[in-house]
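A note on names: the letters A, B, ... follow the listed sequences, proteins ahead of strands, and every chain is numbered from 1.
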There are 2 protein chains.
Amino acid sequence: MNETYKILIVDDEKDLCEILQFNLASEGFDIEVAYSGEEALAKTIDRFDLLLLDVMMGGMSGFKLADKIRKELGLSVPIIFLTARETENDMLTGFNVGADDYLSKPFSIKELVARIRAVLRRGKSVEVKAKVITIDSMELDLNRKSVTIDRTPVLLTRKEFEILSMLVLHKGKYLSRQEILDRIWSDDVIVTERNVDVNIARLRKKIGEFGQCIKGRSGYGYCFEN
Amino acid sequence: MNETYKILIVDDEKDLCEILQFNLASEGFDIEVAYSGEEALAKTIDRFDLLLLDVMMGGMSGFKLADKIRKELGLSVPIIFLTARETENDMLTGFNVGADDYLSKPFSIKELVARIRAVLRRGKSVEVKAKVITIDSMELDLNRKSVTIDRTPVLLTRKEFEILSMLVLHKGKYLSRQEILDRIWSDDVIVTERNVDVNIARLRKKIGEFGQCIKGRSGYGYCFEN
DNA sequence: TCGTTTTGTAATATTTCTGTAACAGGGGTG
DNA sequence: CACCCCTGTTACAGAAATATTACAAAACGA
C-alpha cells in the first residue's frame, strides 16, 4: 500500500549528501548516495524511483550522467537536478536531457520534498515508457517483467528475472555475488552467497543457449556477455 | 448526482499538460495524463469520460491513437483534439476518426472548459455507441456491464465484471493485485490483496472454460490470455 | 423492515518459489 | 598426485504465494 520510494542522490559534496540523506530518509524515503557519476553508474540505476543529480561534479557532470542514463541505459527514471548555477543555459540543458524538475541551491528541504513528491505523483499516474532490451532473439521487457526468446515467453520467477536484468543492464561487467545479493534481496533477509549460484543455475537452464552468455569467473562473480 | 468526470490528457508537451491538469482539476475534473499515445494505450481507456488528444506528438499521432481506440478497443469515448495546425485537412482527418470537437492552440482555458462541458453534456443525452468486446464466444458489453457466453447471459457481480474487463482490456499483461485494487476499489476502502484472489476465483467459476484464460502467476499477478 | 445478493475475512488446501545442503567437477598449488 | 577452494548442479524441505471454501458482515431492493 504505502510503497517506499527509492531515491539515489548523486553529489560530490559529502556534507550536502548527508544532510539530504538524513532529511529525506526521515521523510520516509529510501536513500542511497553516490559521490560521483561513475559511482552512480556502477549501481543498478534501474531500481530507483527518482534521481537527484548535482549538475556540477568533479568528473562526470550531472547532465552527462543523465544523458548516459537516458541514452545508454535507456531508462526513464525521473530526474531532479540540483545546481548552484542559475543561468538559463543550464536550465535548457537540463530539460533537453529529460529533467523532470530543477532546483537551485540553496534550497529548502521542504521545497525539495514537495518537488520530489510532485514528480513521484506525476510518474505514478503515467505508465512508464516501454523499457525493452533486446539481445539477439531474446527480449527483456523491464516493465512487464517478462522475457521472450524467439517470441516464445520464458517463464522466469521474480528472482530469476531480477538477476537476469541486473546482469544484462551491466552487460560486460562482472558483478560479485555480494553485489547481486545486496541489490536483489531485501536487507532484512540473510542468505548465503551460494544462493546466487543456485538461482543462476536455474536461470541458465530456463534461457537455453543464452545461458552461455552468463559467464562465471572465479573470484569475480557473474557477467552477461554475448 | 454530481459525478466527477474523468479526463485523460495525452500530450507530449509536459508543460502544457501541467497547465491543463491544474486548471481542469480545479474545475472539478478528475485528470490523468499520458505523455504519448503508447502510454495512453497502456491505460484502461475505458474508464475515462473524455479524452483530450494532441494531434502532433512524437511517436503515435493523436489521430492514430484515436483510430486505435475506436477500432481496436471499440470505444466511443468522446474525444477533443488539440492542435497547433489549422488546416482543413487536419480537421477532416479529425472528424473522420470520430472527433467530438476540435481546438487550435493557443486556446484559452475558459474556452476549453466550455467545450468540454458541451461535449460531456451532449454525450449524456445521446445513446452511447455499443462498446462490446468479443473473445471467441464470450462477449463483454462495457456499457451494459453484461457478459454472455454463447449468447447465454452470465450474471457477474460488479467487482467480478470490473476485474474481468480490466484484465481483458489489458489482454496479455500481468496486472498485480495492487494495480487491480487501486483501479477497482475506491481509495478510502482498505481491503486485503487476498480479496482479489477471492473475486478471481468466483469469476473463474462463473465463466466456465474461459476461467482458464485468466492466468495467475506467483509474484506477478493476473493476466487474461486466450 | 426482511430477505437476498454482494462483498470481505478468515481458514484451509494447494501450488510455486526459494534456500540449504550435499555432491561432483575443475583448476590451481604445494 | 593429493589437496583445497571455488563453482555448477541437483534434490529436498521449508517458506511464501496462491486457490478455494465457508461463513459473516454489509449493501441492496422490495
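- Residue B:T192 places at least one side-chain N or O closer than 4.0 Å to OP1 or OP2 of C:dT9.
- For B:R202 against C:dG8, a side-chain N or O and a base N or O form a donor-acceptor pair under 3.5 Å.
- Among the nucleotides C:dC17, D:dT9, D:dA19, the one closest to the side chain of B:S218 is C:dC17.
- Distance from the side chain of B:T157 is smallest for C:dT7 among the nucleotides C:dC17, C:dT7, C:dT9.
- A:K6 and A:D49 are not joined by a salt bridge, as no carboxylate oxygen comes within less than 4.0 angstrom of a charged side-chain nitrogen.
- Here A:K145 does not pair with A:E160 in a salt bridge; the nearest charged N to carboxylate O distance is not below 4.0 Å.
- Distance, A:R158 CZ to D:dT18 C1': 15 Å, rounded to whole Å.
- Base pairing in DNA chain D yields stems of at least 3 consecutive Watson-Crick or G-U pairs, both distances under 3.5 Å, namely C:1-30 with D:1-30.
- Minimum atom distance to the side chain of B:Y222 is reached by D:dT18, of the listed C:dT9, D:dT18, D:dT9.
- A sub-4.0 Å separation between OP1 or OP2 of D:dG8 and a side-chain N or O of A:R204 is present.
- The separation between A:N199 atom CG and D:dG8 atom C1' is 13 Å, rounded to whole Å.
- Salt bridge present: A:K43 and A:E32 bring a charged side-chain N and a carboxylate O closer than 4.0 Å.
- Of the residues near DNA chain C, B:V198 and A:W185, the one whose nearest nucleotide (by heavy atom distance) lies more toward the 5' end is B:V198.
- If you take NZ of B:K159 and P of D:dA27, they are 11 Å apart, rounded to a whole angstrom.
- Here the nucleotide nearest the side chain of B:V191, chosen from C:dG19, C:dG8, D:dT7, is C:dG8.
- If you take CD of B:Q212 and C1' of D:dA19, they are 14 Å apart, rounded to a whole angstrom.
- Here the side chain of B:E162 pairs no donor or acceptor atom with the backbone of B:K159 at under 3.5 angstrom.
- Rounded to whole Å, atom P of D:dA19 lies 14 Å from atom NZ of B:K205.
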